[in-house]
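My questions all concern the structure below.
Side chains included, hydrogens not; waters and symmetry mates left out as well; all remaining heavy atoms used. Numbering of residues begins at 1 and proceeds along the displayed sequence.
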Amino acid sequence: MVKRILLKPSFEGHKIHSLSSEIIHNPPPGYTIEYRDKLIQNSRIYSLDNKAANPILRELIYHLKPIIYIASQKKQKNNFEGYDMVYASQHVLFNSSIPWITDLEFVNALAAFGNISLIKNVIRKQLETEKCKFIMPWSEWAKETLILSLDYSKFKEKIRVIRYTVNPKNVVKHKHDGIEFLFVGSSNPRNVRNVQFKNLKETILAFNRISEKYDDVHLTLRS
């Protein structure tokens, strides 16, 4: 009998990262991985720091955003009927009636990429619950951020480093003159306007200085 796993973003109906499409199309044997896309607007929690140019305001948001985020997470009304497990992408679940797993780019992802220190005990308690079966950092470094930030003594057996992988692609290299620089932004709906985080401005300023000193240099922006 095939088991159904629900891939859930931080908030029901929000877009997932494009990396997740690989696991949806290539689930483990005996499982299907589904995603409910309601095409609703992304949470304002994630867009707060994208719009704050003032460094003092950005720092304040960085420290306070996780509190608002966790409060919103607790208020979510989730319906997991018909599923055997939930894959909570980069967040913890509250009051889940079925088993769930989570992953993380680094530990702050569990706090909306803000300062985790004020809510670390709330997150720790959810990771310790019986319903939480596995915690999957994307790398050894991600695992290190987890164990350095939280008391992991009661959930250390759940931690498994699972690196994100994608199907191989055939890349054809072309010879060309000069030096080519490539800036890669994001096509993911959550990050599409997050040019400050991706340092687009700094990239252009640096390229302007390089192009004044050297000939035949080019910058391609993919964003």
Side-chain angles (χ1 to χ4, degrees), residues 2-11 13-40 42 46-47 50 83-91 100-110 113 134-146 159-211 213-223:
V2 176
K3 293 188 176 182
R4 299 174 66 198
I5 298 177
L6 174 66
L7 178 59
K8 179 185 174 297
S10 299
F11 290 96
H14 289 176
K15 292 288 186 178
I16 57 172
H17 198 284
S18 59
L19 282 172
S20 300
S21 62
E22 292 287 337
I23 195 170
I24 292 175
H25 297 130
N26 301 282
Y31 292 87
T32 62
I33 299 179
E34 304 172 24
Y35 162 57
R36 299 188 295 215
D37 185 357
K38 295 183 179 178
L39 299 177
I40 65 175
N42 273 341
Y46 280 102
S47 61
N50 297 347
Y83 292 98
D84 299 287
M85 178 176 286
V86 178
Y87 185 160
S89 179
Q90 304 217 70
H91 67 286
W100 58 277
I101 59 177
T102 187
D103 64 350
L104 54 125
E105 184 178 359
F106 54 99
V107 71
N108 299 65
L110 304 179
F113 295 95
F134 284 101
I135 304 147
M136 303 178 294
W138 295 5
S139 64
E140 291 292 342
W141 172 77
K143 176 182 176 180
E144 195 73 8
T145 66
L146 177 67
I159 303 174
R160 299 286 190 278
V161 174
I162 305 293
R163 293 173 175 82
Y164 255 118
T165 58
V166 297
N167 285 322
K169 295 178 175 61
N170 294 323
V171 178
V172 179
K173 294 184 178 181
H174 299 280
K175 292 184 178 180
H176 60 272
D177 297 325
I179 299 175
E180 300 283 345
F181 290 92
L182 172 65
F183 172 84
V184 179
S186 178
S187 60
N188 291 293
R190 179 180 295 175
N191 301 328
V192 70
R193 298 184 182 276
N194 199 347
V195 294
Q196 294 187 42
F197 182 76
K198 298 291 182 179
N199 295 320
L200 175 60
K201 178 181 177 181
E202 290 77 7
T203 300
I204 295 174
L205 292 175
F207 178 75
N208 286 341
R209 296 183 63 179
I210 293 172
S211 59
K213 187 175 182 180
Y214 300 99
D215 296 326
D216 206 10
V217 293
H218 308 93
L219 171 64
T220 300
L221 304 179
R222 180 272 186 202
S223 189

Qualifying residue, where the test is salt bridge (Lys or Arg N to Asp or Glu O under 4.0 Å) with Glu34 and the options are Arg4, Lys3, Lys8: Arg4
Side-chain heavy-atom pair Ile210, Ile179 within 4.5 angstrom cut-off: no
Residue pair Leu110 / Thr102, side-chain heavy-atom distance below 4.5 Å: yes
Student check: side-chain heavy atoms of Phe207 and Val217 closer than 4.5 Å: yes
Atom NZ of Lys169: over 12 foreign heavy atoms under 6.0 Å: yes
Rounded distance [0.5 Å steps], CG in Leu104 versus OG in Ser89: 10.0 Å
Ser20 and Leu7, any side-chain heavy atoms less than 4.5 Å apart: yes
Partner set under salt bridge (Lys or Arg N to Asp or Glu O under 4.0 Å) for Glu22, not counting sequence neighbours: none
Test item: Ser139 and Phe106 side chains (from C-beta on) under 4.5 Å apart, heavy atoms: no
Working for side-chain contact (heavy atoms from CB on, under 4.5 Å), residues Asn26 and Asn167: CA-CA 9 Å; Asn26 301 282; Asn167 285 322; 3.6 Å; yes
Heavy-atom check, side chain of Ile33 versus side chain of Pro28, under 4.5 Å: yes
Distance (rounded to the nearest 0.5 Å) between Leu182 CG and Thr203 OG1: 10.0 Å
CA sep, side-chain torsions, deciding dist, call: Ile162, Asp103, side-chain contact (heavy atoms from CB on, under 4.5 Å): CA-CA 8 Å; Ile162 305 293; Asp103 64 350; over 6 Å; no
Donor-acceptor under 3.5 Å (Ser10 side chain, His91 main chain): no
Neighbour count above 12 (heavy atom, 6.0 Å) for Asn208 CG: yes
CG on Asp84 to OH on Tyr31, rounded to 0.5 Å: 8.0 Å
Thr145 OG1 to Glu105 CD distance, which is reported to the nearest 0.5 Å: 9.5 Å
Closest non-hydrogen atom pair, Gln90 against Ala109: OE1-CB, 3.0 Å
Atom of Asp177, atom of Glu180 and distance for their closest heavy-atom approach: O-OE2, 4.4 Å
Residues, nucleotides or ligands: over 12 heavy atoms within 6.0 Å of Asp216 CG: yes
Between CD1 on residue Ile135 and CH2 on residue Trp100, distance to nearest 0.5 Å: 7.0 Å
Euclidean distance, Leu200 CG relative to Phe183 CZ, rounded to 0.5 Å: 4.5 Å
Aromatic ring pairing Tyr164/Trp138, orientation class (parallel under 30°, perpendicular over 60°, tilted between): perpendicular
